[in-house]
Amino acid sequence: MIHSKDVEVHKNKEATTNPQEFEKDLIKMEGLVLVAFVSVEDQDTYDTEIIAKQGAEVIEDAILSITSFPDKIRQKNEEIREYNRKIEKEEKKGKPRKLKELILDRELYRVDKVLVYPWAHLSKFLSSDPRAMDVCPRIAGLLQEKGIESAYSPFGWYKSFKINCLGHELAEMYRDIKLYIQPEEHLESAKFKVITPDGKELDIKFDNEKNYIRLDEIKDLDFHLFLESELGSRRVDKGEEPIHIKNMKEFELIDFEPNTDSGNLRWYTKGVIMKNLIKRYTEDSLIDFGAILVDTPIMYTVKNDKLTAQTARFPARTYWVESGNDRYLLRFAGDFLQFDMLSNMNLKPQYFPLRLYEWEQYDFRREQEGELSGLRRLRGFVMPDFHTLCKDLDSAIVEFKNQYKLDRKLEEDLGIKSNLIFRTTQDFYEQNKDWIIELINSEGKPALLELWEDRYYYFILKFERTVLSAQDKSATLATIQIDVESSLEYIEQDGKKRQKYNIKFEDTDGKVKHPVILHNSPTGGLERILWGLIEIAERDIDTCVPGFKAWLSPVQIRVLTISEEQNEYGNKIMEELNQRGFRADLDDRDESLGKKIRRAEVDWIPYTIIVGGKEEENETISIRKRLIGEKFGAKKSTSKQINNISLEDLIEMLNEDTKGFPKYKLPKPFRKFSTKVYFRK
RNA sequence: GCCUCUGUAACUCAGUUCGUAGAGUGACAGAUUCGUAAUCUGUUUGCCGGGGGUUCAACUCCCCCCAGGGGCUCCA
């Protein structure tokens, strides 16, 4: 945008085969004119009405910035005077700041008129759609409606023009406007209840400051803390760093990466081991459950209207990639390409329920800076994503119940303890409360229920499993949604048809139907699983032994020698364990046993093997089995001692402990302390 | 995006009212050859996040930037 004194545009000759009809040969505007040069990009022609509205709003904002600028400077100067006064009185150190001055007379910070001028050269990603030429007239029209005198210059012509840039602080401005399809607004009319395991509904009430008032019927403090976190009750700001950040660094699992955008992390070897174990385990479980597997690209075009209808809902949170003369967006979920793929398939009735699984490495969401937090909220993350096409709502409910059990099993196996939330409409709850209560009952603890008057989202039911952190912060891991919208050809929104994916099949009765889709992130985001595991362990650190389950621990067994004389024997045992598919390392440092044991403790090693002279002589080992998740013993002991057993006995114990879970090798440099690679130390 | 706190040795952190830095851990060396949560002694290490400014003098005061945390908002 250029703020100009007077503007003149002469129409010369057609520049395109079908230029915009425009009778006048000369546009002459006198006074203080804001000239907005406009490029219409690839995605914008999805809906020229929306993009024109956004454009007009941005121009209005610009006008406001210009007109309010002298006032802003005046305010700023008051602050500076105050600051300087403090320095004079020696209340503050430093040197006085200079007052700001307006470049031009304040009368000139005014916009009388607007000229909207199509200017292709602002973008590499121009729209080739003929509708692009509607945008400038629409913007001018919208501004005119708001009482701002506006004109537009014709599209598709060679033109000569004269502008006279005023040259003040805001005389030149640039704005990038991304198409934004706003979700329909809805009133905050949700009601919250707690459902007890025996099916009693307790209404949640709030005080004047919107804080949740604790229910007398609930005795469990952790459940209150969960409700307080979920319901946004104001808590005392502890201002503490989340505990898992220390762990993720000290264990050398994951770390911040300063050489990229915030929220995109670096994984170290042990973190990669855990990542791959969780990946393999989830994948195995999903295959057993009946899923098929796909992998879809992480970036895609914005020129597909069907995708744009969904992706343009979060333009501010999208990463853009440019390549050649095109731009692409980095996916923030896998749904789009999966659904597009499903819409192109010849779906047959016998396929249902059709279960499709993708390990999304990575998804990208450009969250606002203040929202990022350790492993809990990231900009680049890994998410297992599972979608199921069901013939109809009834079969979707049957499938939901099965997947509910699946998710619960996965969490148990990982070692996650969670709280439950069901979010749905009042009607849906009334018609389905029996089985929902049955599920809550099977957990033996209460659940939070949110009820809406109408359905505002694509799902009619959203189920979440949330974890409470050491600092009483609740976050969702697994979630299942019943989506009754995405498979349709289109929906009505604000009186407009909005495209959906049009996923359909011809049923045995000959009718074309759209399936109901379950969205399920069976474990939740991978980083968040690690967040949960560490936070859960740290939450109970005063009463319970912290640790990861044996199958998931980066190092499952540590061999300790009492003196260097046993290093050879210890090494043999360590090698044997690795060959048998377990992750074992050897602490062969010349240190006291006490020190080695302490190290194994702080490393949360599930099995610590001790070999001394006695063991070597008898060809046996002694074991400290860490009682992960159990209450501390006497004198805060963390383990159970098993003396003088054979290596085969240990392997049997390990097989029992990790039965049904995937195996993953420990890279060789990590197997001996004397040659161990550290990333941070 | 807004508000706010933090950044000091490889790691964790201390550093008063400006006067060019200290502890523990680690690493290294020596002693010890050890039986279930830290053996003893010694040595080692610094662009005090980066840039600019104020000052005779800046880790310390001011401004900008970078990175991390917390809060608001947000959470497909």
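Remember, predicted model here, so these are calculated numbers, not experimental data. A note on names: the letters A, B, ... follow the listed sequences, proteins ahead of strands, and every chain is numbered from 1.
- In this structure, A/R680 reaches the B/U12 phosphate: one of its side-chain N or O atoms is under 4.0 Å from OP1 or OP2.
- Applying the Watson-Crick and G-U wobble criteria (two distances, each under 3.5 Å), B/C13 pairs with B/G22.
- When rounded to the nearest whole Å, the span between CD of A/E252 and P of B/C11 equals 11 Å.
- Remark: C1' of B/A76 and CZ of A/R366 are 17 Å apart, rounded to the nearest angstrom.
- B/A67 atom P lies 17 Å from atom CD of A/E241, rounded to whole Å.
- Listed nucleotides B/A76, B/G69, B/U33 differ in distance to A/E367; the shortest reach to its side chain belongs to B/A76.
- With a 3.5 Å ceiling on both atom-pair distances, the Watson-Crick or G-U wobble partner of B/U39 is B/A31.
- For the pair A/K676 and A/F673, the cation-pi criterion (under 6.0 Å, within 45° of the ring axis) is fulfilled.
- As the counterpart of B/G46, no nucleotide is assigned, since no Watson-Crick or G-U wobble pattern has both distances under 3.5 Å.
- Between A/G570 and A/T561, the shortest heavy-atom distance links the atoms CA-CG2, 4.3 Å.
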Just distance, no hydrogens or angles: give the donor-acceptor pairs under 3.5 Å from side chains in residues 333-343 of chain A, sequence neighbours left out.
| unit_1 | atom_1 | unit_2 | atom_2 | d |
| --- | --- | --- | --- | --- |
| A/D335 | OD1 | A/H387 | NE2 | 3.3 |
| A/D335 | OD2 | A/H519 | ND1 | 3.2 |
| A/Q338 | OE1 | A/H387 | ND1 | 2.7 |
| A/Q338 | NE2 | A/E358 | OE1 | 2.7 |
| A/Q338 | NE2 | A/E360 | OE2 | 3.4 |
| A/D340 | OD1 | A/K306 | NZ | 3.2 |
| A/S343 | OG | A/K306 | NZ | 2.9 |
| A/S343 | OG | A/D340 | O | 2.6 |

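- When the shell of 6.0 Å around NZ of A/K631 is examined, it contains 12 or fewer heavy atoms from other residues, nucleotides or ligands.
- Using a 4.0 Å cut-off between charged nitrogen and carboxylate oxygen, A/R539 and A/D472 count as a salt-bridge pair.
- In terms of phosphate contacts, A/K473 brings a side-chain nitrogen or oxygen within less than 4.0 Å of OP1 or OP2 of B/G71.
- Between the OH atom of A/Y501 and the C1' atom of B/A76 there is a distance of 10 Å, given to the nearest Å.
- The nearest whole Å value for the distance from the CG atom in A/L372 to the P atom in B/C75 is 15 Å.
- A salt bridge between A/E241 and A/K246 is absent, with no side-chain N of the basic residue lying under 4.0 Å from a carboxylate O of the acidic one.
- Of the residues near RNA chain B, A/S262 and A/D335, the one whose nearest nucleotide (by heavy atom distance) lies more toward the 5' end is A/S262.
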**OP:** Mark up nucleotides 34-45 of chain B, 5' to 3', with B wherever a protein heavy atom is under 4.0 angstrom from a base atom, S wherever such an atom reaches only the sugar-phosphate, and - elsewhere.
**Re:** BBBBBS------
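- We find that CZ of A/R266 is positioned 11 Å from P of B/G68, with the value rounded to whole Å.
- Summarising the geometry, the separation between CZ on A/R376 and C1' on B/G70 is reported as 10 Å, rounded to the nearest angstrom.
- Residue A/K640 qualifies as open at atom NZ: its count of foreign heavy atoms under 6.0 Å is 12 or below.
- Looking at heavy-atom distances under 4.0 Å, A/K635 makes no contact with the nucleic acid at all.
- Across all strands shown, B/C2 pairs with B/G71; the Watson-Crick or G-U wobble distances both stay below 3.5 Å.
- Pairing of B/A57, defined by two Watson-Crick or G-U wobble distances under 3.5 Å, is not identified with any nucleotide.
- The nearest whole Å value for the distance from the CD atom in A/E568 to the P atom in B/U33 is 21 Å.
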